[in-house]
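Here the structure comes first, spelled out in structure tokens, and everything after it is commentary.
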Amino acid sequence: MSGRTRATMAAVIGGERRGPLAMLAFVGPAVIASVAYMDPGNYATNIQAGAGYGYALLWVVLVANLIAMLFQALSARLGIVTGRNLAELSRDHLPRPLVFCMWAVSEVAAMATDLAEFLGGAIGLSLLLGIPLMWGMALTAVITYAILLFEAQGFRPMELAIGTMVGIIGLSYLAEVLIAPIDWGQAVGGLTSPSLPDQGALTIAVGIIGATVMPHAIFLHSGLTQNRAILGNDSERRRMVRFSNVEVVIALAGAGLINMAMVMMAASAFHNGHAEVAEIETAYHTLTPLLGGFAAAAFLLSLIASGISSSVVGTMAGQMIMQGFLRVGLPLWLRRAVTMAPAFIVVAMGANATDALVMSQVVLSIALPVPMLALLWLIRKPEVMGDFVPNQTTQAAAAIGAGLVLSLNMVLLLGAFGVEMPFLS
């Protein structure tokens with residue numbers, strides 16, 4: 001980070017500068033974390049949700065986004081107050097065998113994350129350039145590695161690169177919503193009337209949560225805030241926490257709106273007459289005759305931006321998780337190779353790319369309790385948080401959110417083992 005940016009942050013924290021423009025110095029961590037909430041896994045689950053169930057599962061997107069806001073805000077608070085990230089604190093405060101298990105599960109989650117992100121970018125480039133998917137994956141690998149090299153120049157170049165791609169995704173889906181004939185009455189009903197029509201809807205709902213509340217993003221956010229500003233006392237830490245909370249709400253509200261737009265576009269374009277559309281490639285080819293070439297191009301552009309940016313962020317998170325849990329750092333090229341290997345294996349085996357995306361999100365949802373429960377345990381400890389332990393209402397809301405995720409995971413696992421769910425009509 002440049003000296004000018006650090007000086008601006010110090011002046012704002014010290015109360016010498018005020019106003020919206022001064023706040024821009026703090027923008028960055030939540031924007032980077034928000035990429036995890038609109039990655040290609042979201043495209044796959046949201047297309048299936050909209051095409052198969054219309055607007056009925058919009059409420060799942062809303063609930064998942066609210067849970068994400070809360071946990072990202074708590075993760076950022078942990079980093080600001082302690083100057084350490086979630087993986088480091090877990091290593092220092094939990095038994096060694098548990099720490100190793102948490103690292104192993106988190107590594108699996110990182111690979112599942114990169115599977116979705118890497119495949120999404122590769123699918124987009126493959127469709128855009130008319131090249132085989134394997135060549136699209138190779139091109140995605142080169143582009144993401146090139147962007148990762150920005151990190152050596154400091155926070156800002158990376159944040160600007162990621163922020164630009166977030167803007168591309170947002171503008172693309174704004175165009176989609178304006179083009180598609182959205183039934184706003186049904187959309188409001190889907191947001192306000194929770195329902196799970198069948199077992200398939202439950203699987204997609206868990207996938208949406210896995211694609212929205214991301215394990216690696218919870219780990220990453222604490223690391224992005226841990227040494228962002230020099231804080232001399234608790235008063236300055238409180239100001240920093242407030243600035244962080246505002247950024248989290250704005251950034252993740254934007255991500256939530258984009259996810260809702262994905263579901264609504266799929267519901268509008270595919271649910272009546274094309275409900276069988278369940279793959280990203282099919283969605284792209286079907287959009288042209290239904291909504292026109294511009295809508296299809298906007299969809300493809302947003303998918304490429306999503307895949308590349310989220311793959312970059314996933315690699316950053318993987319580095320932080322390994323360094324935090326094991327005090328071991330891999331060279332950037334090796335870390336990139338390890339996390340993208342499963343994607344190459346899936347494609348080489350001939351597996352359906354979109355099915356792989358959806359299942360990766362279910363894996364993420366099952367892995368999600370690891371950072372969620374660790375974060376819940378750490379933020380309530382005065383020896384870790386001091387006077388910054390969240391109030392009882394916040395802790396209760398976080399516990400309810402974690403309980404909801406754990407409950408959905410359990411129902412999904414029971415369904416996978418053939419246990420019938422009589423409460424699903």
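As a basis for the values below, the full set of heavy atoms in this structure was taken, side chains included, without hydrogen atoms, waters or symmetry mates. As the structure is a prediction and not an experimental result, all values here were calculated from the model.
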- Which is it for Glu88 and Arg327 under the side chain to side chain contact (heavy atoms under 4.5 Å, CB included) test, yes or no, and what are the steps along the way? CA-CA 9 Å; Glu88 291 171 338; Arg327 291 193 178 98; over 6 Å; no

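- Between Pro40 and Leu303, the closest heavy-atom pair is CB-CD1, 4.2 Å.
- Put simply, the side chain of Ile168 does not reach to within 4.5 Å of the side chain of Ser302, judged on heavy atoms.
- Closest non-hydrogen pair, Ser75 versus Ile218, comes out as OG-O, 2.5 Å.
- Looking at heavy atoms from C-beta onward, Tyr55 lies in side-chain contact with Ile182 at the 4.5 angstrom threshold.
- Nearest heavy-atom pair across Leu57 and Ala201 is CD1-O, 4.1 Å.
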Walk me through whether Met265 and Ile179 qualify under side chain to side chain contact (heavy atoms under 4.5 Å, CB included).
CA-CA 9 Å; Met265 183 276 288; Ile179 294 170; over 6 Å; no

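- Atom OG of residue Ser306 and atom CD1 of residue Ile169 lie 4.5 Å apart, to the nearest 0.5 angstrom.
- Note that OG of Ser193 is 11.0 Å distant from CG of Leu58, once rounded to the nearest 0.5 Å.
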(message) Before you tell me yes or no, could you show the steps for Leu70 and Thr394 under side chain to side chain contact (heavy atoms under 4.5 Å, CB included), namely the whole-Å CA-CA distance, both residues' side-chain angles and the distance that decides it to 0.1 Å?
(response) CA-CA 8 Å; Leu70 178 56; Thr394 301; 3.9 Å; yes

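- For Ala402 against Met372, the heavy-atom pair with the smallest separation is CA-CE, 3.7 Å.
- For the pair Val263 and Ile47, the minimum side-chain heavy-atom distance is 4.5 Å or more.
- Distance OG/Ser90 to CG/Asn85: 8.5 Å, rounded to 0.5 Å.
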Donor-acceptor pairs under 3.5 Å, side chain of residues 120-142 to any protein atom, not counting sequence neighbours: which ones?
| unit_1 | atom_1 | unit_2 | atom_2 | d |
| --- | --- | --- | --- | --- |
| Ser126 | OG | Ile131 | O | 2.6 |
| Thr140 | OG1 | Ala122 | N | 3.4 |
| Thr140 | OG1 | Gly136 | O | 2.8 |

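- The CE atom of Met214 lies 7.0 Å from the CG atom of Asn42; values are rounded to the nearest 0.5 Å.
- Smallest separation of non-hydrogen atoms from Phe388 and Arg77: O-NH1, 2.9 Å.
- Using a 4.5 Å heavy-atom threshold, the side chains of Leu375 and Phe71 count as touching.
- When all heavy atoms of Ala255 and Ser34 are compared, the closest pair comes out as CB-O, 4.1 Å.
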*Determine, step by step, whether Leu196 and Trp59 satisfy the side chain to side chain contact (heavy atoms under 4.5 Å, CB included) criterion, reporting the C-alpha distance in whole Å, the side-chain angles of both residues, the deciding distance to 0.1 Å, and the verdict.*
CA-CA 10 Å; Leu196 290 171; Trp59 69 274; 4.1 Å; yes

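- Taking the ring centroids of Phe219 and Phe325, they lie under the 6.0 Å cut-off.
- Ser268 OG to Glu176 CD: the interatomic distance, rounded to the nearest 0.5 Å, is 10.0 Å.
- Although no hydrogens or angles enter the test, the distance criterion places no donor-acceptor pair under 3.5 Å between the side chain of Asp39 and the main chain of Gly307.
- Side-chain contact check for Phe299 versus Ser172: every heavy-atom pair is 4.5 Å or farther apart.
- Looking only at side-chain heavy atoms (C-beta outward), Ile147 and Met158 come within less than 4.5 Å of each other.
- Judged by distance alone, the side chain of Ser244 and the main-chain N or O of Met240 form no donor-acceptor pair under 3.5 Å.
- Remark: the backbone N or O of Leu89 is not paired with any side-chain donor or acceptor of Arg84 at under 3.5 angstrom.
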Run the side-chain donor-acceptor check on residues 312-322: report pairs under 3.5 Å with partners two or more places apart or on a different chain.
| unit_1 | atom_1 | unit_2 | atom_2 | d |
| --- | --- | --- | --- | --- |
| Thr315 | OG1 | Ser311 | O | 3.0 |
| Thr315 | OG1 | Arg336 | NH1 | 3.2 |
| Gln319 | NE2 | Leu330 | O | 3.1 |

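- A heavy-atom distance below 4.5 Å is not found between the side chains of Gln72 and Leu220.
- Across Leu86, Val248, Ile379, a single residue satisfies side-chain contact (heavy atoms from CB on, under 4.5 Å) together with Leu74, and that is Ile379.
- Between the NE2 atom of His221 and the CD atom of Gln226 there is a distance of 12.0 Å, given to the nearest 0.5 Å.
- In this structure, the side chains of Met38 and Val166 come closer than 4.5 Å at one or more pairs of heavy atoms.
- No hydrogens or angles considered: a donor-acceptor pair under 3.5 Å links the side chains of Asn46 and Asn259.
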